[in-house]
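Notes follow the structure.
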Protein chains: 2
Amino acid sequence: MYIKIMNISALQHTLATIAEPNRFNIIELLKKGPRSVGEIVQTLGISQPHASRHLRILSEAGLVRSRSKAQQRIYSLEATPFQELDEWFDSFSILWEERLDQFEDYMLDYHNKEGL
Amino acid sequence: MYIKIMNISALQHTLATIAEPNRFNIIELLKKGPRSVGEIVQTLGISQPHASRHLRILSEAGLVRSRSKAQQRIYSLEATPFQELDEWFDSFSILWEERLDQFEDYMLDYHNKEGL
DNA sequence: TCTTAATATACATTGACATGTATATATACT
DNA sequence: AGTATATATACATGTCAATGTATATTAAGA
């Protein structure tokens, strides 16, 4: 067993990017597979500039990438940031694995013994 | 194998709550164990009203709970919302499991056959 | 009950970001 | 080259939420 070092500020940025509702919906859609901007606009019922803008933000955050197909831009999800967040949330599994109360009692004891 | 039904709007709300940097830091701290408001204030170097306000937001989102200990309020993490997000991010594992390119090719084919 | 400690709330201000509208760019087709 | 389609960018506006300051509440101790 080893401790995984994570880039906290990167995680924060990724989280903030995903948290916006329209971008969340775009991500949920792209999870089904690559989509063009037009398809995203139609499916989600948002304006085209609005979609492009959010896709830009997603792209700059490294969450999606695009390839050209004639005039179309086909967007798809990047694996890495989702993988990192998946690992980060795994680190909370101590909250629900084993017996929660035992864990909390342990932490309280540990904490009190430390003083502060 | 079954399909897990998730409450999307709850996930969004949880994500938005976690995404704020101070709350993210509070969560990272509480992952180590329960902490009083004063400890949180000292450790994170934020103002006391500021901490209380973020703790209230975290509490209303169901991410933390508090118990009284004299004048102190001891905050600790709730497992459920983190468990739900952990499961949600698991659903992205298709992005990095197996061969990504194969998956993408498959999705593109599938997508094109569907028309739009 | 008065004082101190710990935390919560109220309120005003500011700043960031989502949204709408207009326009620019890129590519294909005739 | 001119037109149509698809997408991106610019800019102005409005809104929400974080922050700071002051004050209220809760609990303990003398």
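Every value quoted in this text rests on a predicted model; they were computed, and no experiment measured them. Chain letters run A, B, ... following the sequence lines, proteins first, then strands; residues in each count from 1.
Closest approach to the A/V37 side chain among C/dA18, D/dT7, D/dG20 is made by D/dT7 (side chain taken as heavy atoms from C-beta onward).
Residue B/H54 places no side-chain N or O under 4.0 Å from the OP1 or OP2 atom of D/dA17. Taking only side-chain nitrogens and oxygens, A/Y75 comes nearer than 4.0 Å to OP1 or OP2 of D/dA8.
With 3.5 Å as the limit, one finds a donor-acceptor pair spanning the side chains of A/S91 and B/K31. Remark: the B/R73 side chain and the B/S68 side chain contain an N/O donor-acceptor pair separated by less than 3.5 Å.
Regarding A/N25, its CG atom lies at a distance of 16 Å from the C1' atom of C/dT19, rounded to whole Å. To the nearest angstrom, C1' of C/dC29 lies 9 Å from CD of A/Q71. The distance between atom CD of A/E60 and atom C1' of C/dA18, rounded to the nearest whole Å, is 15 Å. For A/I57 and D/dT9, the CD1 to C1' distance is 13 Å, given to the nearest whole Å. Taking atom CZ of residue A/R53 and atom P of nucleotide C/dT19, one finds them 11 Å apart after rounding to whole Å. What separates CG of A/L55 from P of D/dA6 is a distance of 16 Å, to the nearest Å. The NE2-C1' distance, from A/H50 to D/dT7, rounds to 15 Å in whole Å. One atom, CD1 of B/I74, and another, P of C/dT7, lie 7 Å apart when rounded to the nearest Å.
At the heavy-atom level, B/R56 lies under 4.0 Å from the strands shown only through sugar-phosphate atoms. Within the nucleic acid shown, B/Q48 comes within 4.0 Å of at least one base atom, counting heavy atoms only.
Distance check, rounded to the nearest 0.5 Å: CD1 of A/I8 to NE2 of A/H13 gives 15.0 Å. Between B/F82 atom CZ and A/D90 atom CG the span is 13.5 Å, to the nearest 0.5 Å. Atom CD1 of A/I26 is separated from atom CD1 of A/I18 by 12.0 Å, given to the nearest 0.5 angstrom.
Side chain B/E20 to base D/dA17: no donor-acceptor pair is found below 3.5 Å.
Comparing A/N22 and B/R73 along DNA chain C, the residue whose closest nucleotide (by nearest heavy atom) sits nearer the 5' end is B/R73.
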